[in-house]
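In what follows, a single structure is set out as C-alpha cells and then discussed.
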Amino acid sequence: MAKFIDELKRTHRCGDLRITDVGNEVVLFGWVHTRRDHGGLIFIDLRDREGITQIVFDPERSLEAHRVAEQLRSEWCIGIRGTVRDRGMQRNRKGELVSAHNPKLDTGAIEVVVSEVVLFNRSEPPPFPLEDSLDTREEIRLTYRYLDLRRAPLQRTLRKRHVINQATRRYLSDQGCLELETPYMVKYTPGGARNFLVPSRIQRGKFFALAESPQLFKQLFMVAGFDRYFQIVKCFRDEDLRLDRQPEFTQIDIELSFVNQDDVFRLVEGLIFAIWKEALGVDLHEVYPTGRFPQMPFAESMRDYGNDKPDLRFAMKHTDLTDLVIEHEGGGVAPWAELARKFRDGSYRRDLPPEIVKVLVVPASANLSRAESDKLEEFVKGMGAKGLARAKIADDGSWTQAPLFKGLAAGLREAIHKATGAGPGDLLCFQFGKEAMVQTVMANLRIHLGKKLGLIPEVGHGNQWNFLWVVNPPLFEYDEERKGWVAAHHAFTRPHDEHIECIESDPGKVLCYRYDLVLNGFEIGGGSIRLHDPEVQKKVFRALGISDEEAQSKFGFLLQALRFGAPPHGGIALGMDRIAMLLSEAESLRDVIPFPKTQKGTDLMTDAPTPISPEQLSELAIRTLEIDKESPPRSP
RNA sequence: GGGGUGGUAGCGAAGUUGGUCAUCGCGCUGGCCUGUCACGCCGGAGAUCGCGGGUUCAAGUCCCGUCCACCUCGCCA
C-alpha cells in the first residue's frame, strides 16, 4: 500500500481517459462499482467522483493481480497501475464483429489492463445498492448518508452547489460587494421565526440565539459605510420542516447602500443569469431577452393565484367573486346570502373582507370523472376546507351536480360565467369563508390540478424557468385576534412615499418596497428597501401600537445606529439551497444538502439531538421539565 | 396539534374474503465460465411481516395503541 501512496501517484481520475490516452501507463484510485467475473478475465468498473473506468484483470498480464481481483467486491477501495488500451472489437451473438466500445460511458472507448493492484480497504456489502436511480427508503439512505453521497446524482448536486458558490462570489465581488461575516450567536429578539437557543456557560442562565438571518448586522455594515456587502451564510430557524424548509439552511445575503428597488433587482437578475450560465450552461437571455424579470403586484398575485409565489408556468387563475356575491345579495345561495348580509349591515368591511368567495375553473378538456372530482374534495378537506362546492356547466348553461346551488339566481350565474369565462363542460370549484383559508386552499388546489392535468411536472422544471418579482405588498396586516395592525414582515421596511401620510389613518392602504423573487412557484428570495428615516419609523411604530420604550428594548441598537447618518439602503436574501434544488431538479432540499435533518428535525445518522447529562445541564444552570423517553440506540 | 401515504430477508416489491404462501427480483454466498458492461449458468443461506396489546381454534391479513420516514395544514419570509 505504501508504494501506491508514496511512489505511484494518481495520474488520472476515473472519468478522464479517452482513446487518445491509449498506450499510456496510468495509476487510478477508486471504488469497485461493479464486478463481472468471467473466470479467466475479470472486469471491474472503477468509480471515483469524476466517473467510471473499466479495468481488466487478465491472468496473462498479471497472475498476482488477477488473484486479488477474484476477491474484490462492491465498494472496496483500491488502487491500480495499468495500461490504457482500445476496447477494440468483439463478436456479438450472431457472430458478427462489432465495436466493443461502451457508448454509455464517457470512458467507454478504452479500458485499463491492470498490471498491479493494491487493496486499500475492504467494504461490508452496502445496505442499499449505490445506483444512480434508487428507490430505497429515505430513512435508510439518511442513516447511511455517507454511502448515499457516493451516488452520482448526489455527487452532481453537491458539485452544483460548489459552482453556484463560486459563481456567486465572482459575480458579486465583481459588482463591488465585499464578502463580510456576521455572528451566528446573537441576541435573542422576539417575533418572526423561532430561534434555536444557545446557553451561555459563562453567563449562567442567559442565552444566545442562533441567527435566523444576518438582517440586522448587514444593515449595520451599511451604517458602517461598507456600502455593498454579500455573504453566503448559514441561517437557523426552529420551525416545522417542509420539503423546501430545513432548520439550518444557506442564504446568499446581499445589502446595498444608495440604491432603490430597481437597483437591487438588476444586481440580482445579473447574479441569477450568471449562476444559470455557469451551473447549467443555460443563457436566460433566451427567455428574458432584456435581462429583466417580470414583476407582479402582490395584490394581483393574491387575487389570481391565492398566494405570493405564483407558479406562472400555467394559467388556471382564480376568480374572486366576493363583490359579485355581495352585489347579488347571495343570489339565492344560503351561505352566500349570509355573507352578503354581513357586508350590508356593517359586520364586515369591504376594505378588509374577513370572508371571501373564490372560484377556480377546471376546463372541460380535463374531463374529470365524478370520482376524481370527489378526490379533489378530500384534498381540500385535508387543508382545513369544510368541503368543495362544485358545479358542472351543462350545454344549456345550467349547473348540474351542484346541490348547494339549487336556488341560484340566473343573474348571478350569468355574472359568474362572464367573470370567469367558463362555459359548457367546465367544472367550477368554489371556496368561501375565512380569507386566509380560502386563499390557501385555492392556491394549493390550483397547483394540485396543474400537476394532475400535466400542466407542470410533478418535480423539476420541465425546462421552463419562470422567474417573477412579486412587488408592492402591504406594510401592515390586520390581525383578527389582536384586533389591530401588525407588520406584515418587519417594521423596518420603507413604505411608498405617497402612502406615508396614511400610515396612521388608514394602515391597510400602505404599500411598501418589499419584494420576493419567485421561480416556478418557489420563493427563492426576498428583501426590502429599509426604512432609514427616523420620523417615518416613529409613525410606523405608532401605527403598530409599539411604544418608544418597547421599540428601544427590542431594536435599540439598530435604532441607535440609524441616528448616526445611516445611508439609504436595501437588500435581499436568496435561498441558496432552493436555487440548488431547482437547478438540480431535486425532489427536496434534502437532496441538495449534504447532511440534512428529517421532517421531525433529527439527524438519523448521528441520532442528534440527544439528551444531555444532568451534570452538563447543571453547569449551564438549566433544568428540563421532562426527561425525554430514551430512544433505543441505533446501530448503523 | 390536524389530514394523508408508507414500514414484509441487506434493498425493492407480491401477499385474494383471516386457514401449507411467507413468494418474486436484486444483493449476499459456494461452484463453473477469456470480452463483459443489467454478463451468463448451477446450487445455497438469509424474515420474531416496525413495535405493543387485543379479537379468534387460527392474524402479515381484523381491531386498539404506539414508534419511525415522507407529503401537507397550522407554523415559517
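Because the structure is predicted, anything quoted here is derived from the model rather than measured. Chain naming here is simple, since letters A, B, ... match the order of the sequence lines and numbering starts at 1 in each. Note: hydrogens, waters and symmetry copies are ignored here, and every other heavy atom, side chains too, is used.
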Counting only distance, no hydrogens or angles, is the base of B/rC76 paired donor-acceptor with the side chain of A/Arg245 under 3.5 Å?
yes
C1'-based separation of B/rG18 from B/rG54 [nearest Å]
15 Å
One character per nucleotide, please: for nucleotides 39-50 of chain B, 5' to 3', B when the base has a protein heavy atom closer than 4.0 Å, S when only the sugar-phosphate does, - otherwise.
B-----------
Between B/rG7 and B/rG46, how far is it from one P atom to the other, in whole Å?
25 Å
What does B/rC62 pair with, Watson-Crick or G-U, if both distances are under 3.5 Å?
B/rG54
Salt-bridge criterion met for A/Arg47 and A/Asp45 (N-O under 4.0 Å)
no
Does any N or O in the side chain of A/Asp577 come within less than 3.5 Å of the main-chain N or O of A/Phe249, such that one atom is a donor and the other an acceptor?
no
Give A/Gln599 one of three labels, base, sugar-phosphate or nothing, depending on what nucleic acid heavy atoms sit under 4.0 Å from its own.
base
Identify whether any heavy atom of A/Arg85 sits under 4.0 Å from a base atom; if not, whether one sits that close to sugar-phosphate; answer base, sugar-phosphate or nothing.
base
Please give the distance between the C1' atoms of B/rU8 and B/rC49 as a whole number of Å.
4 Å
Round to the nearest Å and state the distance from A/Glu70 atom CD to B/rU34 atom P.
11 Å
Let's go through A/Asp304 and A/Lys358 carefully: what are the C-alpha distance in whole Å and the side-chain angles of both, what is the deciding distance for salt bridge (Lys or Arg N to Asp or Glu O under 4.0 Å) to 0.1 Å, and is it a yes or a no?
CA-CA 10 Å; A/Asp304 291 350; A/Lys358 271 192 151 184; over 6 Å; no
Between A/Asn444 and A/Lys597, just flag the one whose closest nucleotide in RNA chain B comes earlier from the 5' side.
A/Lys597
Answer yes or no: is there an ion pair linking A/Glu239 with A/Arg245, defined by an N-O contact shorter than 4.0 Å?
no
Between A/Asp244 and A/Asp516, who's closer to the 5' end of RNA chain B by nearest nucleotide?
A/Asp244
Hey, is A/Lys218 close enough to A/Asp253 for a salt bridge, meaning N to O under 4.0 Å?
yes
Please determine, for B/rG44, whether a Watson-Crick or G-U wobble partner exists with both distances under 3.5 Å, and give it or none.
B/rC28
Assigned partner base of B/rA69, Watson-Crick or wobble definition, under 3.5 Å
B/rU5
Would you classify A/Arg590 as touching base, sugar-phosphate or nothing, given that sugar-phosphate means primed atoms plus P, OP1 and OP2, and contacts are heavy atoms under 4.0 Å?
sugar-phosphate
Sidechain N-carboxylate O distance under 4.0 Å for A/Asp238, A/Arg194
no
Determine the interatomic distance between C1' on B/rU56 and the same-named atom on B/rG19; round to the nearest Å.
12 Å
Whole angstrom is fine here: how far is it from CZ in A/Phe57 over to C1' in B/rC33?
18 Å
Considering only B/rC71, B/rC37, B/rC76, which nucleotide approaches the side chain of A/Ala193 most closely?
B/rC76
Between B/rC76 and B/rG15, how far apart are the P atoms? Round to whole Å, please.
43 Å
Salt bridge or not between A/Arg141 and A/Asp591? Use side-chain N to carboxylate O under 4.0 Å.
yes
With a 3.5 Å cut-off and just heavy-atom distances, do the side chain of A/Gln54 and the base of B/rU36 make a donor-acceptor pair?
yes
Between B/rC75 (P) and A/Leu243 (CG): distance, integer Å
19 Å
Distance check, C1' atoms only: B/rU72 and B/rA14, in whole angstrom units.
29 Å
note: A/Leu142, atom CG; B/rC70, atom P; distance rounded to Å ~ 7 Å
Measuring to OP1 and OP2 of B/rA69, would you say a side-chain N or O of A/Thr598 lies under 4.0 angstrom away?
yes
Those residues at least two apart in sequence (or on a different chain) that pass side-chain hydrogen bond (donor to acceptor under 3.5 Å, both in side chains) with A/Tyr515 are none
Phosphate OP1/OP2 of B/rG74 contacted by A/Thr440 side-chain N/O (<4.0 Å):
yes
I'd like to know if A/Asp135 pairs up with A/Arg137 as an ion pair, taking the criterion as any Lys NZ or Arg NE/NH1/NH2 lying under 4.0 Å from an Asp or Glu carboxylate oxygen.
no
With heavy atoms under 4.0 Å as the rule, sort A/Ala100 into base, sugar-phosphate or nothing.
base
Provide the distance between the two C1' atoms, one in B/rG6 and one in B/rA13, to the nearest whole Å.
13 Å
Does A/Glu111 reach a base, just sugar-phosphate, or nothing at all? Heavy atoms under 4.0 Å.
base
Pick the P atom in B/rC70 and in B/rU34, then give their distance to the nearest Å.
49 Å
Is there a Watson-Crick or G-U wobble partner for B/rC37 with both distances under 3.5 Å, and if so, which one is it?
none
Need one value for A/Arg242: base, sugar-phosphate or nothing, where a base atom within 4.0 Å counts as base even if backbone is also close, heavy atoms only.
base
Taken to the nearest whole Å, CG/A/Asp86 to C1'/B/rG35 is 13 Å
When all nucleic acid strands are considered with a 4.0 Å heavy-atom cut-off, which category describes A/Arg73: base, sugar-phosphate, or nothing?
sugar-phosphate
Could you state the atom-to-atom distance from NZ of A/Lys600 to C1' of B/rU72 in whole Å?
13 Å
Nearest whole Å is fine: how far is B/rC76 C1' from A/Glu477 CD?
13 Å
Interatomic distance where CE belongs to A/Met442 and P belongs to B/rC73 [whole Å]
16 Å
Once you apply a heavy-atom cut-off of 4.0 Å, does A/Ser133 come out as touching a base, just sugar-phosphate, or nothing?
nothing
So what does A/Gly575 hit on the nucleic acid, given a heavy-atom distance under 4.0 Å: a base, only sugar-phosphate, or nothing?
nothing
Assign a letter to each nucleotide of nucleotides 1-15 of chain B from its 5' end: B, base within under 4.0 Å of a protein heavy atom; S, sugar-phosphate only; -, no contact.
-BS----S-SSS---
Selected nucleotide, minimal atom distance to A/Pro59 side chain, candidates B/rA38, B/rG35, B/rU34:
B/rU34
Answer yes when A/Asp603 and A/Arg145 have at least one side-chain N-carboxylate O distance shorter than 4.0 Å, and no when they do not.
no
With the threshold set at 4.0 Å, does a side-chain nitrogen-carboxylate oxygen contact exist between A/Lys451 and A/Glu458?
no
Output yes when a side-chain donor or acceptor of A/Asp106 lies under 3.5 Å from a complementary backbone atom of A/Gly15, and no otherwise.
no
So does A/Arg122 pair up with A/Glu75, basic N to acidic O under 4.0 Å?
no
